[in-house]
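First the structure, in the form of structure tokens, and then the observations on it.
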Amino acid sequence: MRVVVVGGGVIGLLTAVECVRAGAEVDLVEQAGIPSTAATSYDQHRVIRTLHRGDPLLSIAAAGLHEAWVEIERRLGGRFYHRTGVLTLATDIEADLALLAGTGVPVRALSGRDLSARYPQLRVRPGQNAVLEPAAGAVLADQALLSAARWLRGHPAVRLHSPRRVTKVTESASVELADGRVLTADSVVVAAGPWSRALLPAALGASLTLKRQTMLSYSPSWFPTAWSRSPAVLGLGSTGDAWLMPPVAGTPVRLSAASACRTVAELTDRQTPGTWRTHLVRRFASLLTAFEPAAVTGATEGYYLTDEAGQGPLLVRLADGVWAFAACGGMSFKFAPVLARALADRALGDPPRQTGLESIDLPRQLTGDRRGAT
Ligand SMILES: Cc1cc2nc3c(=O)[nH]c(=O)nc-3n(C[C@H](O)[C@H](O)[C@H](O)COP(=O)(O)OP(=O)(O)OC[C@H]3O[C@@H](n4cnc5c(N)ncnc54)[C@H](O)[C@@H]3O)c2cc1C
């Protein structure tokens, strides 16, 4: 079989790997480089965690992701999955502990006193506790993409087309390129991330919402030891919507919050407006002890599409053999290994393997929620 995959972000790259492993020939088309530095996936790091608070089905579906990423790392080569641990702060953690215990992933409860002792860089509020997932962690996302691109580049069944922009996906499983060429295949998978709307039927594209979120890069001088051992931290702030990514393999700390996520009409630049930078600086001044504004060394923007109505399927069938992962959402990186398997099975006409995601109203839960990206 010949499959055309559109998009060189994490979903497109891992889908291409899955298709090749199943014996298919793959044309991977990317409008920029492979991988693309403009892709939402191409960033410092992404959190891989099991606990999704208030969402038991999504948490259960996420329980196998650590092993999935270890396997991806082994297969592609490279060192990009770091088990930093993931800490989720909350006042009431009983249900979270029970949920995680049920999934079989290692979990530990930390009291407010434990938190202050172990993580002096965090400003712990009265009544706050936390759930620590010691085996969870962070993928160095850009490194993972580079490893996948290297694997594909070295495979005789793969043809890479970059920089080549797809202008149209037809119902007969072909794609038209901006230079006038047409690639025909048995199946097409569209994994164009936040650009997907341009390649989807108009009504479907119009049902998706484009989000833009600001993140700060932070290189603190205080508490160097505590920062070097820091897990990813979620649930910061009285509304629990702020998060930080730890310094992994020399990267700066990343700071963000759902309050820095907004709906936008178009995917434009990645320059952070001063108001959004100031917003996050003010928020983290109250969330971190000894916060140093001068240690904010940069700011960046990420885009993603959501299906806020949650009425469409997660994997959209556009025609016979034509599939799209349309609403990439703000939490999909971690699920990329299973989403790629699911897309490859559909593209190749194989019986879909179980992913753990089948019973979930995923467009809403995975991509359409209003909690911002993590
Ligand atoms: C700030 C932020 C933090 C996040 N944190 C996390 C996290 O901690 N954990 C997590 O699991 N998820 C997280 N996410 C979500 C995650 O990053 C995305 O869901 C995921 O990276 C989307 O991958 P993708 O491959 O679908 O899209 P992308 O990575 O954007 O890739 C799409 C690719 O398609 C290409 N393309 C588009 N149109 C065309 C065309 N017409 N022709 C050819 N090529 C085309 C693009 O150039 C791009 O390379 C976060 C997102 C943001 C914004």
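Order of listing sets the numbers, starting from 1, for every ligand and every atom in it. Residues: numbered from 1 along the sequence shown. Atom set for the values below is all heavy atoms of this structure, side chains included, hydrogens, waters and symmetry mates excluded.
From Arg254, atom CZ reaches atom CG of Leu280 across 11.5 Å, with rounding to the nearest 0.5 Å. Interatomic distance, Phe291 CZ to Arg282 CZ, rounded to the nearest 0.5 Å: 12.0 Å. The CG atom of Leu122 lies 9.0 Å from the CG atom of Leu287; values are rounded to the nearest 0.5 Å. To the nearest 0.5 Å, the span separating CZ on Phe284 from CG on Leu244 amounts to 6.5 Å. Rounding to the nearest 0.5 Å places CG of Leu51 at 10.0 Å from CG of Leu58.
With a 4.0 Å heavy-atom cut-off, ligand 1 is reached by the backbone of Phe333 and by its side chain too. Residue His45 does not touch ligand 1, judged by heavy-atom distances below 4.0 Å. Only backbone heavy atoms of Met331 (N, CA, C or O) come within less than 4.0 Å of ligand 1; its side chain stays farther off. With a heavy-atom cut-off of 4.0 Å, Ser41 touches ligand 1 through backbone and side chain alike. If you look at Ala198 next to ligand 1, there are no close heavy atoms at all, none under 4.0 Å. Contacts of Ile48 with ligand 1, taken as heavy-atom pairs under 4.0 Å, are absent altogether.
Residue Gly330 has at least one nitrogen or oxygen atom sitting less than 3.5 Å from a nitrogen or oxygen atom of ligand 1, judged on distance alone. Considering backbone and side-chain atoms alike, Val47 places an N or O below 3.5 Å from some N or O of ligand 1. Residue contacts with ligand 1: Val166 is placed with a nitrogen or oxygen under 3.5 Å of a nitrogen or oxygen of the ligand (distance criterion only).
Not a single heavy atom of Ser256 sits closer than 4.0 Å to an atom of ligand 1. Residue Gly329 places a heavy atom less than 4.0 Å from ligand 1. Residue contact annotation: Arg164 has a non-hydrogen atom under 4.0 Å from ligand 1. At least one heavy atom of Ala191 sits under 4.0 Å from some atom of ligand 1.
Ranking the protein heavy atoms by distance from atom 52 (C) of ligand 1 puts Ala373 CB, 3.4 Å first. What sits closest to atom 7 (C) of ligand 1 on the protein, heavy atoms only, is Thr374 C, 2.9 Å. What sits closest to atom 34 (O) of ligand 1 on the protein, heavy atoms only, is Gly7 CA, 3.3 Å. The single protein non-hydrogen atom nearest to atom 17 (O) of ligand 1 is Arg46 NE, 2.8 Å, given as residue, atom name and distance. From the protein, the heavy atom lying nearest to atom 11 (O) of ligand 1 is Lys334 N, 2.8 Å. Distance from atom 27 (O) of ligand 1 to its nearest protein heavy atom, with residue and atom name: Gly193 CA, 3.2 Å. From the protein, the heavy atom lying nearest to atom 47 (O) of ligand 1 is Glu30 OE2, 2.6 Å. Among all protein heavy atoms, the one lying closest to atom 38 (N) of ligand 1 is Trp195 CB, 3.4 Å.
The pair Arg2-Asp186 does not meet the salt-bridge criterion, since no charged nitrogen lies less than 4.0 angstrom from a carboxylate oxygen. Ion pairing between a basic and an acidic side chain is recognised when a charged N comes within 4.0 Å of a carboxylate O; Arg74 and Glu67 show no such pairing. Salt bridge status for Arg212 with Asp269: present, with a side-chain N to carboxylate O gap under 4.0 Å.
Residue contact check: Leu199 has heavy atoms under 4.0 Å from atoms 41 (N) of ligand 1. Taking every non-hydrogen atom of Ser36 and a distance limit under 4.0 Å, the qualifying atoms of ligand 1 come out as 47 (O), 49 (O). Close approach of ligand 1 to Gly9 is summarised as follows: ligand atoms under 4.0 Å from at least one heavy atom of the residue are 25 (O), 29 (O), 31 (O), 33 (C), 49 (O). Listed by atom number, the atoms of ligand 1 under 4.0 Å from Ser332 heavy atoms are 11 (O), 12 (N), 15 (C), 19 (O). Less than 4.0 angstrom separates some heavy atom of Ala192 from each of these atoms of ligand 1: 32 (C), 34 (O), 37 (C), 38 (N).
Here atom 22 (C) of ligand 1 lies nearest to Cys328 when heavy atoms of Ala32, Ala138, Cys328 are compared.
With Val5 as the partner, the side chain to side chain contact (heavy atoms under 4.5 Å, CB included) test is satisfied by one option alone out of Leu28, Asp27, Ile11: Leu28.
Counted within 6.0 Å of CZ on Arg229, heavy atoms from surrounding residues, nucleotides or ligands total 12 or fewer; the atom is thus considered open.
Judged purely by distance below 3.5 Å, without hydrogens or angles, the side chains of Arg283 and Ser259 pair a donor atom with an acceptor atom.
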